[in-house]
Amino acid sequence: GELVEQMHDDLYDGLADEICEGVNILLGRGWEPYRVLTDALVEGMRIVGIDFRDGILFVPEVLLAANAMKAGMAILKPLLAETGAPKAGKMVIGTVKGDIHDIGKNLVIMMMEGAGFEVIDLGINNPVEKYLEALEEHKPDIIGMSALLTTTMPYMKVVIDTMKEKGIRDDYIVMVGGAPLNEEFAESVGADAYGRDAAMTVEIAQKMVA
Ligand code: B1M
């Protein structure tokens, strides 16, 4: 309705306080946290992305929008993580080298944690060494990689090929995601699965770990 549209505008304008207020109002109306996330925040960021692509918005404005989105996500995070489900498995995840987009990855983490997974967040701009160190240290079931740029997504193959060289590729489930990817790309770099969005990623992870 009206408030959700207002929130799309507020996200576009990078108004973090207004976004937090809107999130709280929707929750107060009994909206599921996941619905607030998808309808108000993710949809708002989709609109920002269109105008960014078309040269109507620039990096500073989009950074503000991203900050507003993160402020809203911070309210939803504990609510999405409230299930108290038994540990479903462990995942190490990070955005690949050269890429600093982290909103989608953070959303995947929130939903995975909500589903009872333990998640180790490597952050952004990860060279292959970072992933390998984390695999050794945390011994996860799943390694996840995120990329939002067509120029950085090929780096996923670098990580997977290095895992092959070290003879550890088959010790892990490799999942990849990010807006420019698709099923065929995931397969072509040798990943086990492509996560189209956070909810699908959880669903696939649950099946693959079981
Ligand atoms: Co950037 N940017 N950006 N940006 N940015 C895109 C990606 C772009 C598509 C915008 C556009 O032109 N329409 C475009 C890429 C074009 C291309 O590669 N062909 C682009 C560009 C060009 C750039 C810069 C190069 C701009 C510049 O400097 N001239 C620059 C690059 C910086 C770098 O990384 N080296 C840049 C910078 C930035 C900001 C810093 C301003 C900011 C990032 C802030 C941040 O993340 N902290 C930013 C933003 C916000 C975007 C858009 C607008 C939104 C991305 C986002 O957060 N989406 C984006 C446009 C768009 O995607 N529509 C764009 C919301 C998020 C919830 O969705 O990330 O897709 P998404 O994640 C989803 C799924 O993809 C999946 O689940 C998530 C939740 O459902 N998923 C995974 C994601 N990762 C996963 C990992 C998994 C599984 C699932 O692992 C298992």
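Ligands are counted one by one from 1 in listed order, and the atoms in each one are counted from 1 as well.
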**Report entry** Contact bool for atom 11 (C) of ligand 1 (protein heavy atom, d < 4.0 Å)
**Finding:** yes
Query raised in the report: What protein heavy atom sits nearest atom 13 (N) of ligand 1, and how far away is it?
Result: Arg53 CB, 2.8 Å
Query raised in the report: Can you tell me which residue and heavy atom of the protein come closest to atom 79 (C) of ligand 1, and the distance to 0.1 Å?
Result: Ala198 N, 3.6 Å
Report task. Without swapping roles, check the side chain of Tyr155 against the backbone of Val128 for a donor-acceptor pair under 3.5 Å. Result -> yes
Report summary line: In Ile124, Leu149, Val96, the residue satisfying side chain to side chain contact (heavy atoms under 4.5 Å, CB included) with His101 is Leu149
Report task. Give the numbers and elements of all ligand 1 atoms closer than 4.0 Å to a heavy atom of Ile93. Result -> 90 (O)
Query raised in the report: Looking at Ile103 and Ala66, what are the two nearest heavy atoms and their distance?
Result: CD1-CB, 3.5 Å
Query raised in the report: Please state which protein non-hydrogen atom is closest to atom 47 (N) of ligand 1 and give its distance, to 0.1 Å?
Result: Asp102 OD1, 2.7 Å
Please list every donor-acceptor pair under 3.5 Å in which a side-chain atom of residues 195-210 meets a protein atom from a residue at least two apart or in another chain.
residue : atom : partner : partner atom : Å
Asp197  : OD1  : Ala199  : N            : 3.2
Asp197  : OD1  : Met200  : N            : 2.7
Thr201  : OG1  : Asp197  : O            : 2.7

Requested in this report: Please state whether Met200 comes within less than 4.0 angstrom of ligand 1, counting heavy atoms only.
Outcome: no
Requested in this report: Mark up the atoms of ligand 1 that fall under 4.0 Å of a heavy atom belonging to Met145, in ascending order.
Outcome: 86 (C), 87 (C), 90 (O)
Query - Within-2.8 Å protein N/O/S contacts of atom 1 (Co) of ligand 1 - result: His101 NE2
Query raised in the report: Protein heavy atom under 4.0 angstrom of atom 8 (C) of ligand 1, is there one?
Result: no
Query - N-O pairing of Arg46 and Glu43 below 4.0 Å - result: yes
Query - Contact check, side chains of Met7 and Val23, non-hydrogen atoms, under 4.5 Å - result: yes
Requested in this report: Answer yes or no: is there a side-chain heavy-atom contact under 4.5 Å between Trp31 and Asp39?
Outcome: yes
**Report entry** Distance flag for atom 39 (C) of ligand 1, protein heavy atom under 4.0 Å
**Finding:** no
Report task. Give the residue, atom name and distance (to 0.1 Å) of the protein heavy atom nearest atom 74 (C) of ligand 1. Result -> Arg196 O, 3.5 Å
Report task. Please determine if Val176 has a nitrogen or oxygen closer than 3.5 Å to a nitrogen or oxygen of ligand 1. Result -> no
Report task. Counting heavy atoms only, name the option from Gly177, Gly195, Ala65, Ala199 that's nearest to atom 85 (C) of ligand 1. Result -> Gly177
Report task. List the closest protein heavy-atom neighbour of atom 57 (O) of ligand 1: residue, atom name, distance to the nearest 0.1 Å. Result -> Ile103 CB, 3.3 Å
Report task. Establish whether atom 52 (C) of ligand 1 and some protein heavy atom are separated by less than 4.0 angstrom. Result -> no
Query - Within 6.0 angstrom of Lys157 NZ, more than 12 heavy atoms from elsewhere - result: no
Report summary line: Of all protein heavy atoms, the one nearest atom 71 (P) of ligand 1 is Gly104 CA, 3.9 Å
Requested in this report: Please answer whether the main-chain N or O of Leu15 pairs with a side-chain N or O of Asp13 as donor and acceptor at a distance below 3.5 Å.
Outcome: no
Query - ILVMFWY network linking Tyr194 to Met175, side-chain heavy atoms under 4.5 angstrom - result: no
**Report entry** Gly98 N/O under 3.5 Å from ligand 1 N/O
**Finding:** yes
Query raised in the report: Where the side chain of Lys90 meets the backbone of His138, is there a donor-acceptor pair that is under 3.5 Å apart?
Result: yes
Query raised in the report: Under a 4.5 Å cut-off applied to non-hydrogen side-chain atoms, are Tyr34 and Met111 in contact?
Result: yes
Query raised in the report: Numbering the atoms of ligand 1 from 1, which are under 4.0 Å from a heavy atom of Asp197?
Result: 76 (C), 77 (O), 80 (O)
Requested in this report: Would you confirm whether any non-hydrogen atom of the protein falls under 4.0 Å from atom 59 (C) of ligand 1?
Outcome: no
Report summary line: The option among Ile47, Asn67, Thr150 carrying the non-hydrogen atom nearest to atom 18 (O) of ligand 1 is Thr150
Requested in this report: Of the side chain and backbone of Leu107, name the one, both, or neither that has a heavy atom under 4.0 Å from an atom of ligand 1.
Outcome: side chain
Report summary line: Taking only non-hydrogen atoms of Ser146 and a 4.0 Å limit, the atoms of ligand 1 in range are 83 (C), 84 (N), 85 (C), 86 (C)
Report task. Give a yes/no on ligand 1: does Met111 have at least one heavy atom closer than 4.0 angstrom to it? Result -> no
Query - Neighbour count above 12 (heavy atom, 6.0 Å) for Lys70 NZ - result: yes
Report task. Indicate yes or no: does an N/O atom of Met45 lie under 3.5 Å from an N/O atom of ligand 1? Result -> no
Report task. Answer yes or no for atom 16 (C) of ligand 1: protein heavy atom present at a distance under 4.0 Å? Result -> no
Report task. Would you mind listing which atoms of ligand 1 come within a distance below 4.0 Å of any non-hydrogen atom of Ala66? Result -> 44 (C)
Requested in this report: Return yes when Pro180 approaches ligand 1 closer than 4.0 angstrom through a heavy atom, no otherwise.
Outcome: no
Query raised in the report: Do Lys77 and Glu113 have side chains that get closer than 4.5 Å, going by heavy atoms?
Result: yes
Query raised in the report: Any side-chain donor-acceptor pair under 3.5 Å between Tyr12 and Asp51?
Result: yes
Report summary line: So CD1 of Ile47 and CG of Leu11: to nearest 0.5 Å the spacing works out to 8.5 Å
Query raised in the report: Can you tell if the side chain of Asp9 reaches within under 4.5 Å of the side chain of Glu5, non-hydrogen atoms only?
Result: no
Query raised in the report: Does Glu61 reach the side chain of Ile56, with side-chain heavy atoms less than 4.5 Å apart?
Result: no
Query raised in the report: Of the protein's non-hydrogen atoms, which lies at the shortest distance from atom 32 (C) of ligand 1, and what is that distance?
Result: Ile100 CG1, 3.7 Å
Query raised in the report: For ligand 1, which atoms sit closer than 4.0 Å to a heavy atom of Lys70?
Result: 47 (N)
**Report entry** Within 6.0 angstrom of Lys166 NZ, more than 12 heavy atoms from elsewhere
**Finding:** no
Report summary line: Numbered in order shown, the ligand 1 atoms found under 4.0 Å of a heavy atom of Ala179 are 70 (O), 75 (O)
**Report entry** Arg29 side chain near Leu3 side chain, heavy-atom distance below 4.5 Å
**Finding:** yes
Report task. State, with a plain yes or no, whether a side-chain heavy atom of Ile143 is found less than 4.5 Å away from one of Val159. Result -> yes
Query raised in the report: Is it true that a side-chain atom of Asp10 and a backbone atom of Ile19 form a donor plus acceptor pair closer than 3.5 Å?
Result: no
Query raised in the report: Where's the contact between Asp99 and ligand 1, heavy-atom distance under 4.0 Å: side chain, backbone, both or neither?
Result: both
Query - Geometric N/O contact Thr201 with ligand 1, under 3.5 angstrom - result: no
Query raised in the report: Right, does atom 82 (C) of ligand 1 have protein non-hydrogen atoms nearer than 4.0 Å?
Result: yes
